[in-house]
Amino acid sequence: MKPEVEIYDTTLRDGTQGEGVSFSVADKLHLVERLDAVGIHYVEGGWPGSNPRDIEFFNLARRRRFRRARLAAFGSTRRKQVAVENDDQVRLLLDAETPVVTLFGKTWLLHVKEVLGTTPDENLAMIADTIRYLKDHGRCVIYDAEHGFDGYKDNPEYALATFEAAEHAGADTVVLCDTNGGALPQEVSAITEVVHGRLTTRLGIHTHNDIGLGVANALAAVLAGATHAQGTINGYGERTGNCNLTTLIPNLAFKLNKRCLPEASLRKLKELSLYVDEVANLRHDPRQPWVGSTAFAHKGGMHVNAVQKIARSFEHIDPALVGNSRRVLVSDLAGRSNIVLKARELGFDLSNSTQELKTILARIKELEHKGYEFEAAEASLALLIRKILQHQEPPFRIETYHVSMRRDGQSSVVEATVRVRVGDQLAHTVAEGDGPVNALDSALRLALVQFFPRIKKVKLTDYKVRIVDSVTGTAATTRVLIESTDGREEWGTVGVNENIIDASLEALVDSMEYLLLRKS
Ligand SMILES: [Zn+2]
């Protein structure tokens, strides 16, 4: 199946320009495998001329075979007044031994004169020489026209001359870049159309999200003739990020009906998005379009009723198409139908006439009154419903625990001990941590992993503490929300207590119980 729009991922290069994003060589290799598995057409691995880590990455990556993805090394055109074969940075691009080289060059005369300090003609020669040289060495060459739109707006003749220089030298794709991220869709559309009329080479688009239009601009370019789109997973990238591929891809597929990735891969988009955040050690953005956890969440009572009757009444598309799912947010405003729908979504067979419904509602109301909140803690809610419906025994019980802290010179050490019962067996474990909750979490895992090896996969991704105003006017209580993931799914749990450690432990226990009891 030939794609109508090729997808080019630059998470490993442009994505790492973002604040707080960095990948080890091992991380990068894992990420390429994942991107390849979903059928991304090009994966840019890095800039060998910019750091030794990227050189090491290409040394390891070239020994691997990929199913679909073609690996690209990124670099710039030759330096001014230097023969291309004598340019070290260009030599490193060949040494990377990738099938594809992506080369960026200057479009904007401001940059040519003020930043490079060279002449318009020499810049054209730098573009042409470098592309020809790489073509002579058998590479597929993608030419990234830096400031493609800003340069065009400043001087259309010169901008077109640079694109044509790239085409005549043999570039396989010419990519217009909105490097500063300030273009509007109608500008992108008009300029792409002109360039499309002038070139016969495949045209691509590379956008940044500085004014929130990264995806919109990429779509505008595709509608004007581009058939190659660059971006990053979850929109990582410098400043406000690059065009977000987890938004762009479903928009191309479902809104513009442009074939890009196989349908089965589209159903793995949410999983891919979670996986990349996990490797980057970043919290998943719940409000991300398409793949965020609130992308198909409904709260208001009337919306919930309508969605229950006809999904498309308040949903633009079926969430399963991108591997997401509908969620009903529970709040004390919600009535019986919310709970029924929520319970069904969590996999319970419940209807308005289920006997236990009253007990469940009463229990939720009581807990909410105490300060519990289930909107971000659906796993705790699922456990609550399960306990009432199925009278199920918990998979383990904590019999006792102890936490102590001592100060040792400059640093303090926290130690936790837990005694856990599983059936008729007991486990007694000790662990240290950088805080009481961390120490307890470690001790509890050590105990449980002996009985349930899959606990090993669980990671805490977020830990939030709130002081809840006591309704009764006595001591203030603490609410702890924990988010966990096993790389496939993420779930939230809650604990409430006057004591922060007890509240944390309650949320921790719920998190592990949820994993052990869920149907997988
Ligand atoms: Zn960029």
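Keep in mind the model is a prediction, meaning the values are calculated, not measured. One-based numbering, in listed order, for ligands and for the atoms of each.
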Which one of Y143, W47, F58 satisfies the ring pair (Phe, Tyr, Trp, His ring centres under 6.0 Å) criterion with F74? W47

Salt-bridge criterion met for D54 and K28 (N-O under 4.0 Å): yes

Output, in order, the C-alpha distance, side-chain angles, deciding distance and verdict of side-chain contact (heavy atoms from CB on, under 4.5 Å) for K106 and Y158. CA-CA 10 Å; K106 299 288 185 190; Y158 186 72; over 6 Å; no

Does a sphere of radius 6.0 Å around NZ in K135 hold more than 12 heavy atoms from other residues, nucleotides or ligands, not counting ones at 6.0 Å or beyond? yes

Which of E4, E167, E6 passes salt bridge (Lys or Arg N to Asp or Glu O under 4.0 Å) with R202? It is E6

Which of these passes side chain to side chain contact (heavy atoms under 4.5 Å, CB included) with V215: L252, I249, N244? N244

By residue and atom, what protein N/O/S atoms are less than 2.8 Å from the Zn ion (ligand 1)? D14 OD2, H206 NE2, H208 NE2

